[in-house]
Amino acid sequence: MLTRRSLATLAGAAVLALTSAFPALAEPIVIKFSHVVAPDTPKGKGAQKFKELAEQYTNGAVVVEVYPNSQLYKDKEELEALQLGAVQMLAPSLAKFGPLGVQQFELFDLPFLMNGYDDLRKITDGEIGKGLLAKLDDKGIKGLAYWDNGFKVFSANSPVVSPDDFLGLKMRIQSSKILEAQMQALGAVPQVMAFSEVYQALQTGVVDGTENPPSNMYTQKMHEVQKHATLSNHGYLGYAVIVNKAFWDGLDPAVRDQLDKAMAEATVYANSIAKEENDNALKAMMDAGTTEWHELTDDERAAFVEVLKPVHEQMADRIGADLIQQVYTALGTTN
Ligand code: LMR
């Protein structure tokens with residue numbers, strides 16, 4: 001029979017076995033994980049989960065320092081910092097890979113492409129998702145996983161119920177040419193801006209409106225400075241978790257295995273909470289009562305689809321007509 005003492009000895013032996021699988025390190029390996037959103041979001045919580053699991057599975061040989069809310073770097077700078085090795089890990093929005101020269105990720109920005117998370121999985125979990133991550137290798141970056149956020153709502157200080165309502169509105173976008181084309185199709189004036197600057201830009205009227213999944217809108221308090229919002233679900237916003245490739249390849253394989261395991265579990269976790277986080281954020285904003293929310297009727301939705309669907313063909317050269325076709329095939333749609 002196992003006594004309390006023999007159990008303790010066994011546990012100690014297990015820890016020792018795990019530790020001895022790793023090189024003896026005087027100092028822990030530090031992974032700086034920088035991101036631009038609040039801790040209380042799908043990405044913020046995913047990063048925290050990865051930290052906990054990575055430190056646990058490596059028995060402290062790896063320490064993950066999470067820097068949320070653009071504390072270290074804003075959108076564009078964080079990608080440069082990753083390539084320079086100033087930080088090791090990021091999870092940028094898929095809309096932000098254009099400046100790196102991997103603009104194919106912008107396919108996720110195509111308006112009215114997906115009907116919910118099941119469609120998303122058909123892209124991220126299949127060959128297309130794998131192929132996109134592999135394109136990062138040449139840039140000194142390794143793609144590890146896709147993390148979900150959610151489907152976007154339009155917001156502004158005037159009603160945004162029909163495409164005509166966007167005429168002349170200055171709309172903040174992420175740095176994606178697809179999103180630029182989308183806003184132009186609506187007659188709006190797109191303005192690329194770092195995420196950390198959006199609240200103030202909305203508050204001071206530098207821009208009139210924007211688009212976000214509810215979790216981002218709520219945690220940045222944008223609903224306090226946007227009088228109107230439309231539940232348009234016109235597009236998706238999510239992430240690729242990426243690491244500096246030289247750093248990752250240079251890790252001891254035993255350490256890397258444990259980090260892979262931590263990442264796989266953190267990914268399952270992050271993707272399991274994303275929808276609920278967005279649903280809760282939406283409810284909290286509705287309860288706050290600072291924004292008037294509009295739910296599209298079928299006809300109103302059809303009017304947006306008619307104006308925005310042509311963006312797919314218009315941007316085929318940028319993403320690749322073949323790739324777009326592969327996406328349609330994976331989704332079982334014709335366009
Ligand atoms: C944005 O800039 O709106 C988003 O990409 C922020 C984020 O990381 O979710």
Side-chain angles (χ1 to χ4, degrees), residues 33-48 50 66-79 81-82 87 89-100 102-103 105-109 111 117 120 124 143 145-156 170-180 182-183 188 190-203 206-223 225-226 229 232-242 270-271 273-275 277-278 281-282 285:
F33 189 155
S34 169
H35 68 82
V36 300
V37 294
D40 203 13
T41 54
K43 176 161 65 179
K45 290 184 176 180
Q48 188 59 31
F50 173 69
V66 180
Y67 297 94
N69 263 329
S70 309
Q71 237 172 59
L72 278 189
Y73 300 106
K74 297 196 231 173
D75 296 316
K76 197 166 155 289
E77 300 151 5
E78 71 173 14
L79 284 164
L82 184 81
V87 293
M89 191 172 281
L90 307 172
S93 155
L94 302 164
K96 292 177 181 166
F97 285 82
L100 267 185
V102 197
Q103 73 271 17
F105 279 97
E106 292 176 8
L107 73 84
F108 291 95
D109 299 328
Y117 290 95
L120 173 68
T124 54
Y146 289 97
W147 283 3
D148 297 356
N149 191 339
F151 291 84
K152 293 179 286 188
V153 303
F154 282 126
S155 66
K170 283 177 283 171
M171 297 293 284
R172 180 269 169 172
I173 55 164
Q174 308 172 79
S175 64
S176 154
K177 295 287 180 210
I178 309 299
L179 298 179
E180 190 176 296
Q182 169 198 276
M183 290 303 184
Q191 310 237 333
V192 175
M193 187 180 287
F195 187 64
S196 54
E197 290 162 13
V198 182
Y199 174 85
Q200 205 181 0
L202 291 170
Q203 190 187 34
V206 168
V207 290
D208 301 303
T210 186
E211 55 170 12
N212 276 298
S215 61
N216 277 358
M217 186 175 175
Y218 178 59
T219 51
Q220 298 297 321
K221 298 188 179 3
M222 291 183 205
H223 61 293
V225 289
Q226 293 281 263
S232 44
N233 291 325
H234 60 280
Y236 172 71
L237 190 155
Y239 312 105
V241 186
I242 56 179
N271 293 352
I273 62 165
K275 182 174 184 308
E277 291 285 318
N278 277 295
L282 182 59
M285 288 191 286

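The analysis underlying the following values was restricted to heavy atoms, covering all of them including side chains, and did not include hydrogens, waters or symmetry mates. This structure is a prediction, so every number in the text was calculated from the model and none was measured. All ligand and atom numbering here is 1-based and tracks the order in the structure.
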Nearest protein heavy atom with distance in Å, relative to atom 8 (O) of ligand 1: Lys43 NZ, 2.7 Å
Protein heavy-atom partner closest to atom 5 (O) of ligand 1 - residue, atom, separation in Å: Gln174 OE1, 2.7 Å
Part of Leu237 with heavy atoms under 4.0 Å of ligand 1, whether side chain, backbone, both or neither: side chain
Shortest protein contact, atom 9 (O) of ligand 1 (heavy atom only): Tyr239 OH, 2.5 Å
Side chains of Gln174 and Glu211, donor plus acceptor under 3.5 Å: no
Closest protein heavy atom to atom 2 (O) of ligand 1, given as residue, atom name and distance to 0.1 Å: Lys96 NZ, 2.7 Å
Between Ser215 and Glu277: side-chain donor-acceptor atoms closer than 3.5 Å: no
N or O contact, Arg172 vs ligand 1, cut-off under 3.5 Å: yes
Backbone or side-chain N or O of Asn216 under 3.5 Å from ligand 1 N or O: yes
Sidechain-backbone polar pair: Asp208 side chain, Ala156 backbone, donor-acceptor under 3.5 Å: no
Sidechain N-carboxylate O distance under 4.0 Å for Glu197, Lys74: yes
Shortest protein contact, atom 1 (C) of ligand 1 (heavy atom only): Phe195 CD1, 3.3 Å
Which residue and heavy atom of the protein sit nearest atom 7 (C) of ligand 1, plus the separation: Val37 CG1, 3.3 Å
Asn149 and Tyr239 side chains, donor-acceptor separation under 3.5 Å: yes
Geometric class of the Phe154/His234 ring pair [parallel <30°, tilted 30-60°, perpendicular >60°]: parallel
Polar contact flag, side-chain donor to acceptor under 3.5 angstrom, Asn212-Ser155: no
Atom indices of ligand 1, in the order listed, that fall short of 4.0 Å to a heavy atom of Ser93: 5 (O)
